[in-house]
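Predicted model, so just to flag it, every value in this text is computed and none were measured.
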Amino acid sequence: MYEVFIDRLSAHDVDTTTALRRFVGSTDLYGKYLCAFPQDENFAHIAPALESDDFEAALTAVHTLKGVSGNLGMDRLFAACSETVALLRAQQYEQAKQSYAVLKAAYDDVCGAIAQCSGD
């Protein structure tokens, strides 16, 4: 059911081959988690936390998003989250705020790809 959808995601820096191994090769299970990804609330917490200088909350949200995106093979988003996590841990807060633009672009791209493909 999800095969075509999963194949298309590789054009959006999603390593579906490696991610599918984590899901024991089950395209149905992997596809369900991919389709549910945009409903994950962690991304929505990042910008408000950064804007209000609540760096602990930002770190929690970005770190969680990093784990989820990594497990789903979303390499570009995982890399962006990793950079922001590193900056927050190093207390480089202005740079962390600036890194949000890259993180958001990666998130928007992968969510756009998921929305585009989920009808298949």
Would you list the atom pairs, donor with acceptor, under 3.5 Å between side chains in residues 13-20 and any protein atom, with sequence neighbours excluded?
residue	atom	partner	partner atom	Å
D15	OD1	T17	N	3.4
D15	OD1	T18	N	3.1
D15	OD1	T18	OG1	3.3
D15	OD2	T18	OG1	2.7

With sequence neighbours excluded, what pairs up with T84 under the side chain to side chain donor-acceptor pair (under 3.5 Å) test?
-> S99

Do you know the tightest heavy-atom contact between [X] and [Y]?
| X | Y | result |
| --- | --- | --- |
| L88 | A96 | CD2-CB, 3.6 Å |
| A61 | I46 | CB-CG1, 3.8 Å |
| H45 | E41 | CD2-O, 2.9 Å |

For residues 65-73, which side-chain N or O atoms pair as donor and acceptor with protein atoms under 3.5 Å away, sequence neighbours left out?
residue	atom	partner	partner atom	Å
S69	OG	L65	O	2.9
S69	OG	K66	O	3.1
N71	ND2	G67	O	3.3

ring-ring contact (aromatic ring centres under 6.0 Å, His included): which pairs involve residues 20-42, sequence neighbours left out?
-> F23-Y30, F23-Y33, F37-Y107

Quick one: ring-ring contact (aromatic ring centres under 6.0 Å, His included) pairs with a partner in residues 59-79, sequence neighbours left out?
-> none

Same apolar cluster (I L V M F W Y, side chains within < 4.5 Å links), L59/F55 | yes

Can Y93 be reached from V102 by stepping across I, L, V, M, F, W or Y side chains whose heavy atoms are under 4.5 Å apart?
-> no

Please enumerate all residues that pass side chain to side chain contact (heavy atoms under 4.5 Å, CB included) together with [X], with sequence neighbours excluded.
| X | result |
| --- | --- |
| P38 | C111, I114 |
| E51 | A47 |
| A86 | none |
| Q92 | L87, A90, Q95 |

To the nearest 0.5 Å, tell me how far I6 CD1 sits from T27 OG1.
-> 5.0 Å

State which residues pass salt bridge (charged side-chain N to carboxylate O under 4.0 Å, His left out) with [X]; sequence neighbours excluded, sorted by chain then number.
| X | result |
| --- | --- |
| D53 | K97 |
| D109 | R76 |
| K104 | D108 |

